Protein chains: 2
Amino acid sequence: MALKHIAESTVRRLSDYLRFLEELEAQGQQTVSSGELASLGGTTSAQVRKDLSFFGSFGKRGLGYTVTALSRSLRQILGLERTWKVAIIGGGKIGRALAQYHGFRERGFDVVAVYDIDPARIGVSLDGVVVRDQRDLDADLTTLAVDIVLLAVPAEAAQPLVDRVTSAGIRAILNFAPVPVQASSRVAIRSVNMALELEFLAYELVNRDA
Amino acid sequence: MALKHIAESTVRRLSDYLRFLEELEAQGQQTVSSGELASLGGTTSAQVRKDLSFFGSFGKRGLGYTVTALSRSLRQILGLERTWKVAIIGGGKIGRALAQYHGFRERGFDVVAVYDIDPARIGVSLDGVVVRDQRDLDADLTTLAVDIVLLAVPAEAAQPLVDRVTSAGIRAILNFAPVPVQASSRVAIRSVNMALELEFLAYELVNRDA
DNA sequence: TGTAACTTGTGAAATCATTCACAAGCGGAA
DNA sequence: TTCCGCTTGTGAATGATTTCACAAGTTACA
């Protein structure tokens, strides 16, 4: 299953569906239809069914999907049946906010270390995680068995750190620095660029219904 | 110009190009080719040229683009020739980090107010902006002429606030709450969902080259 | 002037993603 | 058992985005 390449947009919607399923589960709802999931997620029922169909057949015609079963299937597809170890590089405002953000641990992402180069920041404790010296980074990535690196550093430091952590064997990076970064196709990289999101909104304000 | 609908992906790449142009400008480079912009942004030269072609003709055959001229054109296209007033709702960890993030002001987005409902947070000053009582929100949005609202509130508070600020006339929202929110098609909404980005990376770790 | 080396702008082709539309399966009622 | 209402799963159609490929414009230089 899942042999051919699946669109990124599909995978992201799967995450949304999972969140809705967990909500419905908490409310005790037994089954859910593709139409119901669609309206929660602002998409269409055909889209929901097509998204799921890439991974198998999970529903019952006439009935819909069993909430708990689909929820479990999605968690398995998304790789959320285990916890993932996350290291944050950069102990500035963004790095600290990320380190203290509870949403990560709730979803199975454990922040195991935070790094900085500024002696004034090293040693500070953030919700139980002590900021470490960035010189320890390479050794730690292996020792701590880090799965995912979050980059919360200035623009000019981002690409060199991508190169450095990928050399150390890291295969997934979430970049918060406001520059696109590149790595081998064996490494999964996403960027979150908040200023860019605002620029997109500015564009829409200027151009929508113009 | 720009009459038909432009793909979101195109607009986002335009923001990237602009950033590169500003860098090149600072380095004193006079002209740049589509191929050069492409390799900086991890795309192709045809993509760069096609993106620009939706908005006009900016280059010279054989020469490339004049850095300063293209930079100015892109700023105009993206609506960055003016500053935009931003209000942040939610004075928790994320709201505070956003309020203090310098990247926004540098790009012409002025944080004019931060709101919370918790009395313990109201009155606190964040980089010169004092956290205000959320009861003042509706009146303030008009008085302060806010253009864009950033939502940094818990999941369950997000949709009601979207409804509230759109009623007050807001037409652009950047949502950091970990739920999809919906509004009329006259309102531009983007969501930044950091846990979802990690879930996507987890999926890639499990499935890439599997 | 003529030629070589570049580079843009853009239709056409290819690829990728979404939507349509419907056969087929299921549960409940009579 | 049969019928009805509902819902899935999925090929086919449509729509959107990216890539290709090339004519035409520009500079440099002999």
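In this text the structure is predicted, and so the values were computed from the model without any measurement. Scope of the values below: all heavy atoms of this structure, side chains included, with no hydrogens, waters or symmetry mates.
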Could you tell me whether a side-chain N or O of [X] sits under 3.5 Å from a main-chain N or O of [Y], the two making a donor and an acceptor?
X	Y	result
A:R208	B:V187	yes
B:W84	B:G79	yes
B:Q30	B:T68	no
A:D116	A:G91	yes

inquiry  = Distance alone, cut at 3.5 Å: any donor-acceptor contact between the side chains of B:Q159 and B:D163?
reply    =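 Their side chains do contain a donor-acceptor pair, which is all the 3.5 Å distance test asks for.
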query = Using a distance-only test with no angle check, is there a side-chain donor-acceptor pair under 3.5 angstrom linking B:S71 and B:R75?
reply = yes
Earlier contact from the 5' end, DNA chain C, for B:L63 and A:D51 = B:L63
ask   = More 5' along DNA chain C: B:L52 or A:E8, using each one's nearest nucleotide?
value = B:L52
Please state how far atom [atom1] in [X] lies from atom [atom2] in [N], giving the value in whole angstrom units.
X	N	atom1	atom2	result
B:F54	C:dT8	CZ	C1'	15 Å
A:K50	C:dT19	NZ	P	12 Å
B:R61	C:dT8	CZ	C1'	5 Å

remark   = Nt span of DNA chain D in reach of chain A heavy atoms at under 4.0 Å, 5' end first, is D:dC6 to D:dA12
key: Pair B:Y17 and B:F20, ring centroids less than 6.0 Å apart   =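 For B:Y17 and B:F20, the ring centres are not under 6.0 Å apart.
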ask   = How do A:G62 and A:G59 order along DNA chain D: which one's closest nucleotide is nearer the 5' end?
value = A:G62
query = Is there a residue in residues 11-40 of chain A whose heavy atoms reach under 4.0 Å of DNA chain D, and which residues are they?
reply = A:S33, A:S34
key: Reported NE2-to-CG distance for the pair B:H5 and A:N207, which is rounded to 0.5 angstrom   = 10.0 Å
query = Is B:S9 touching bases, backbone alone, or none of the nucleic acid, heavy atoms closer than 4.0 Å?
reply = sugar-phosphate
ask   = Taking OP1 and OP2 of C:dA17, is either one under 4.0 Å from a side-chain nitrogen or oxygen of A:Q47?
value = no
task = For atom CZ of A:R82, decide whether the heavy atoms of other residues, nucleotides or ligands shown that lie under 6.0 angstrom number more than 12.
result = yes
